[in-house]
S.K.: 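Shown below is the structure under consideration.
Quick note on labels: first sequence line is chain A, next is B, and so on, each numbered from 1.
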Amino acid sequence: MYSDLLANLNPEQREAVTLPPVNENGQAQSALILAGAGSGKTRVLTTRIAWLIQTGQVSPIGVLAVTFTNKAAKEMMLRLSAMLPINTRGMWIGTFHGLCNRLLRAHHKEAGLPSTFQILDTQDQLSAIKRLLKGLKVDDEKYPPKQLQYFIAHAKERGQRAKELSVGDDFQAKMAQLYEAYDEQCQREGVVDFAELLLRSYELLKHNEAIRTHYQERFRHILIDEFQDTNALQYAWLKLLSGHDASRVNVSGMGSSAVFAVGDDDQSIYAFRGADVENMRLYEKQYHPMMVKLEQNYRSHGHILDTANYLISNNTDRLGKNLRTDAGHGELVRIYDAPSDHAEAAWLVDEIKALVSSGIKRTEIALLYRSNAQSRIIEHALFSAAIPYRVYGGLRFFERAEIKHALAYLRLLENPNDDTSFSRVVNFPTRGIGARSIEAVQDAARAQNSSLYLAASTLDGKAGASLGGFVRLVDHMREATRYNTLPETVEFVIQNSGLIQHYLSEREGQDRVENLQELINAATAFIAEEGYGQDATAATLPGENAPGVVEVSPLAAFLSHASLEAGDNQAQAGQDAVQLMTVHSAKGLEFTSVFITGLEEGLFPHENSINEQHGLEEERRLMYVAITRAKERLYLSHTQSRMLHGQVRYNMPSRFLEELPCDSLKWLTPKVKDARWGGTGNGNGGRSGSTWQDGYTRQREFGSNDFFDSGNERERPARQIGRVGSASTAVTRMAAPPRGNYPFTIGQNVFHTKFGEGRVTGLEGNDADARAQVNFKRHGVKWLQLSIAKLAAID
DNA sequence: GGAACACACGTTTTT
DNA sequence: CGTGTGTTCC
């Protein structure tokens with residue numbers, strides 16, 4: 001019986017899993033599960049599928065489950081096959097892009113694509129755009145490729161083709177025109193970008209009734225993870241497929257499908273890439289789902305959870321949810337105030353050493369930051385202290401240049417019209433095909449409206465000879481590998497293209513050679529995992545039983561795989577290393593100990609988000625995500641000065657620190673140094689001090705150094721004050737009381753070129769480290785390094 | 001064809 | 001300040 005499936009669920013999880021998918025009128029009943037951080041969301045989603053299948057309400061082929069990452073999809077399949085004796089490989093569980101790819105492969109003709117269509121990743125798309133602009137002789141200063149890329153992606157994510165755009169001005173009109181030209185170029189070359197995968201399959205379903213009806217009637221249950229991260233196109237896609245769209249023709253009278261959406265509006269942190277939380281409200285309105293809230297948290301101890309709840313309650317416009325735990329209060333959340341970014345890093349090192357010697361595994365320690373630029377200084381400190389660390393978010397395996405080169409050759413075997421791939425490797429390794437030849441072939445291709453590959457064989461003269469050689473090389477490789485297995489093909493291509501040889505002769509090429517060899521292994525692993533037989537000539541997409549048999553060669557499948565799943569984005573897995581990552585990439589992860597660093601105004605919340613409500617609330621959700629990563633111990637740190645863009649900046653502590661419950665906090669340093677609370681109260685936007693309720697002195701007596709002997713529980717470490725403007729010459733010294741040798745006095749009115757008028761409220765340090773605290777009329781309280789700041793006395 | 005130089009740019013990221 | 005990209009020069 002299925003009861004054992006439900007045995008380990010709490011009541012709210014069980015309720016969610018067993019929500020009736022059909023209402024009293026026999027119609028499909030959708031559901032919305034508001035799943036807080038660490039509430040067992042994946043478990044509920046997976047168990048729901050298992051429950052539906054085990055109770056005979058649907059067969060595995062009638063389920064469609066959508067996730068945002070391959071990792072989540074794999075996890076789901078893994079757990080599902082542990083619950084039920086079924087082959088999950090055949091099920092439609094995957095990412096939006098993966099599933100759309102599957103759909104388009106199965107119906108490429110109806111979708112207007114060649115069977116060999118290739119997928120452009122972000123890099124490929126950008127180079128395709130650059131090539132387009134060059135071909136059209138468009139000024140890329142006026143129409144920056146990056147901006148056009150963004151323009152196209154966002155239009156597609158809203159479901160709009162170039163022709164449907166309403167253009168306000170000449171610039172937009174030109175952008176729309178370039179968008180159209182880009183789509184034509186892609187069509188000619190037989191390539192699709194990421195957004196195109198979705199838009200094209202949406203249009204396929206919308207315009208092809210037979211296919212639409214087939215899938216609508218097949219997928220009686222549609223489950224979606226991370227619903228708060230869906231964009232407009234994904235929502236429309238879902239609506240169409242679930243039959244909640246006006247275009248549905250209800251042939252068999254089955255009605256619409258039951259949608260089971262799981263999400264957390266408080267963890268919506270991807271608005272910048274088109275995600276729209278409004279979809280949750282829209283869904284509520286249009287699907288009338290039954291709602292279940294998962295508020296029992298299994299991850300964090302009480303103080304950490306209280307901190308998260310308290311913070312997020314500052315957001316307006318939430319669907320409303322409060323996490324609770326049975327784990328007890330646990331430890332207080334620690335806050336550290338560092339004088340500089342160097343000092344912050346030094347403190348991190350000390351604290352990590354202490355944690356490790358207390359028995360915590362390094363992999364259980366996460367160092368989070370708002371932006372990648374912050375990692376360097378931390379890395380430097382960790383490196384110097386010989387603490388192993390791992391940074392998330394670098395180049396992934398399939399994104400490496402040498403791998404992209406090898407894949408470009410492989411793609412040309414499949415689809416010679418792929419001009420992006422052609423351009424990438426036509427002269428790599430160099431084979432004497434210079435700019436002149438490339439221009440000639442581009443002109444010829446334009447004249448004939450053909451691909452570069454086809455145009456190359458029509459050229460004569462010097463360009464014709466060299467390009468002909470390249471075409472023959474590719475043709476030869478295609479011919480020679482016709483009956484090879486995929487790994488054999490990969491090996492043949494990296495050898496015969498000259499890639500291996502090229503990198504072998506390069507001084508720094510050894511890693512690249514190893515990566516190329518790893519690509520052979522990846523191909524071998526792919527064949528094994530995807531269940532292809534030894535016959536490499538053709539294979540059926542596993543589990544496919546859509547109308548028409550899908551024949552996809554292992555090579556084509558491998559190339560799709562390489563585009564859709566760029567590989568691990570974490571280096572050297574397995575080693576016991578401290579984990580460094582942005583808050584964004586920490587989403588979905590958990591650690592025993594978490595450090596959230598750089599909690600300063602302008603950094604976190606980021607200055608670009610500070611001025612509008614939406615931006616600020618998203619930053620707050622980001623902070624919420626960061627806090628809820630911690631299981632047992634959470635540290636929050638901020639610094640008074642930080643090197644950013646080659647300039648030292650003095651930021652106020654993050655406003656988020658003020659939005660935390662004091663009863664759950666513990667300061668490792670006295671807060672009197674905090675400019676935010678040290679000021680006279682104006683310039684703080686009325687946010688000063690009032691929320692604190694603990695025993696610490698909030699108001700600082702300016703100019704005094706009472707904090708050096710105040711009763712903090714931990715000895716203040718030697719302060720490391722980076723000499724402004726040259727981080728490498730940072731000197732460590734004990735902070736000394738001011739000697740009184742300052743160009744300004746407390747109470748004096750001063751003028752700063754950037755911050756305007758203000759009054760000196762504090763002075764400290766000596767000589768090069770002399771600093772003044774100034775309360776600016778318009779910018780609040782700041783500490784300024786006197787050797788740097790352009791500060792003038794006004795009388 | 002590759003190194004040296006100049007210059008621009010600087011939130012977050014998955015597919 | 002540091003990186004990545006594009007250009008120029010040998």
S.K.: Classify A:F96 by what it touches in the nucleic acid, base, sugar-phosphate, or nothing, heavy-atom distance under 4.0 Å.
M.R.: nothing
S.K.: Taking atom P in both C:dT5 and B:dT12, compute the distance separating them and give it to the nearest angstrom.
M.R.: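 Each nucleotide's P atom is 15 Å from the other's.
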S.K.: Using the P atom on both, measure B:dT13 against C:dG4 and round to a whole Å.
M.R.: 15 Å
S.K.: For the residue pair A:F272 and A:Y270, does the interplanar ring angle fall in the parallel (under 30°), tilted (30 to 60°) or perpendicular (over 60°) class?
M.R.: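 The arrangement is tilted - the two ring planes meet at 30° to 60°.
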S.K.: Can you check whether A:H97 stacks with the B:dT15 base, using ring centres under 5.5 Å and planes within 30°?
M.R.: no
S.K.: Quick one: A:K156 NZ to B:dT15 P, roughly how many Å, whole number?
M.R.: 19 Å
S.K.: Taking for each residue the nucleotide of DNA chain B bearing the nearest heavy atom, is the 5' side occupied by A:R431 or by A:E619?
M.R.: A:R431
S.K.: Closer than 4.0 Å, any side-chain N/O of A:N70 to the OP1 or OP2 of B:dT14?
M.R.: no
S.K.: To the nearest Å, give me how far apart CD (A:E157) and C1' (B:dT13) are.
M.R.: 11 Å
S.K.: For the pair made of OH in A:Y270 and P in B:dT13, what is the distance, rounded to whole Å?
M.R.: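 Answer to the nearest Å: 7 Å.
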S.K.: For residues 366-381 of chain A, which residue pairs qualify under side chain to side chain donor-acceptor pair (under 3.5 Å), counting only residues two or more places apart or in two chains?
M.R.: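 Found A:R370-A:E619, A:S371-A:Q374, A:S375-A:E379, A:E379-A:Y389.
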S.K.: Taking OP1 and OP2 of B:dT13, is either one under 4.0 Å from a side-chain nitrogen or oxygen of A:S585?
M.R.: yes
S.K.: Determine, step by step, whether A:Y182 and A:D193 satisfy the side chain to side chain contact (heavy atoms under 4.5 Å, CB included) criterion, reporting the C-alpha distance in whole Å, the side-chain angles of both residues, the deciding distance to 0.1 Å, and the verdict.
M.R.: CA-CA 11 Å; A:Y182 165 81; A:D193 60 49; 2.7 Å; yes
S.K.: Between B:dT14, B:dT15, B:dG10, spot the one nearest the side chain of A:T95, thanks.
M.R.: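 Nearest to the side-chain atoms of A:T95, counting from C-beta on, is B:dT15.
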S.K.: On the 0 to 90° scale, with breaks at 30° and 60°, tag the A:H107-A:Y215 ring pair as parallel, tilted or perpendicular.
M.R.: perpendicular
S.K.: Atom pairs under 3.5 Å, N or O on each side, protein against nucleotides 2-4 of chain B: can you list them with distances?
M.R.:
from, atom 1, to, atom 2, distance (Å)
B:dA3, OP1, A:R507, NH2, 3.0

S.K.: Please tell me if the side chains of A:N231 and A:D276 come closer than 4.5 Å, counting only heavy atoms from C-beta onward.
M.R.: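 No, too far: nothing below the 4.5 Å cut-off.
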S.K.: A:T582 has a side chain; which of B:dT11, B:dT15, B:dT12 sits nearest to it?
M.R.: B:dT12
S.K.: Starting at CZ of A:R642 and ending at P of B:dG10, how long is that distance when rounded to a whole Å?
M.R.: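 In whole Å, B:dG10 P lies 19 Å from A:R642 CZ.
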S.K.: Verify the contact: side-chain N or O of A:N372 to OP1 or OP2 of B:dT11, cut-off strictly under 4.0 Å; return yes or no.
M.R.: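 For B:dT11, OP1/OP2 do not have a side-chain N/O of A:N372 under 4.0 Å.
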S.K.: Nearest to the side chain of A:R396, which nucleotide is it out of B:dG10, C:dC1, B:dT14?
M.R.: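 When the side chain of A:R396 is considered, B:dT14 is the closest of B:dG10, C:dC1, B:dT14.
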S.K.: Using a heavy-atom cut-off of under 4.0 Å over every strand shown, decide if A:T122 touches base, sugar-phosphate, or nothing.
M.R.: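 Result for A:T122 = base.
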S.K.: Filter on side chain to side chain donor-acceptor pair (under 3.5 Å), then keep only pairs touching residues 136-151 of chain A, sequence neighbours left out; what's left?
M.R.: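 As it turns out, the side chain to side chain donor-acceptor pair (under 3.5 Å) pairs with a partner in residues 136-151 of chain A, which skip direct neighbours, are A:Q125-A:Q149.
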S.K.: Side chain of A:L564, heavy atoms from C-beta onward: which of B:dT14, B:dT15, B:dT11 has the nearest atom to it?
M.R.: B:dT15
S.K.: Only counting residues at least two apart or in another chain, list the ones meeting salt bridge (charged side-chain N to carboxylate O under 4.0 Å, His left out) with A:R512.
M.R.: A:E402
S.K.: Between B:dG10, B:dT15, B:dT12, which nucleotide gets closest to the side-chain atoms of A:T69?
M.R.: B:dT15
S.K.: Which residue, A:G432 or A:N608, contacts DNA chain B at a nucleotide closer to its 5' end, judged by nearest heavy atom?
M.R.: A:G432
S.K.: May I have the distance from A:D341 (atom CG) to C:dG2 (atom P), rounded to whole angstrom?
M.R.: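 After rounding, the reported distance stands at 11 Å.
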S.K.: Keeping A:N314 on the side-chain end and A:L311 on the backbone end, is there a donor-acceptor pair under 3.5 Å?
M.R.: yes
S.K.: Distance-only, no hydrogens or angles: does the A:R621 side chain make a donor-acceptor pair with backbone N or O of A:D266 under 3.5 Å?
M.R.: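 Side chain of A:R621 to backbone of A:D266, a donor-acceptor pair under 3.5 Å: no, none is there.
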S.K.: Would you tabulate the side-chain donor-acceptor contacts of residues 498-506 of chain A under 3.5 Å, counting partners in other chains and residues two or more places apart, or write 'none'?
M.R.:
from, atom 1, to, atom 2, distance (Å)
A:Y503, OH, A:H405, ND1, 3.4
A:S505, OG, A:H502, O, 2.8

S.K.: Kindly indicate whether the side chain of A:L99, heavy atoms from C-beta on, has any atom under 4.5 Å from the side chain of A:W92.
M.R.: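 In short, these two side chains touch, coming nearer than 4.5 Å.
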S.K.: Once you apply a heavy-atom cut-off of 4.0 Å, does A:F272 come out as touching a base, just sugar-phosphate, or nothing?
M.R.: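 Answer is base: heavy atoms of A:F272 come under 4.0 Å of a base.
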S.K.: Is there any protein nitrogen or oxygen under 3.5 Å from a nitrogen or oxygen in nucleotides 4-10 of chain C, and what are the pairs?
M.R.:
from, atom 1, to, atom 2, distance (Å)
C:dG6, OP1, A:K130, NZ, 2.9

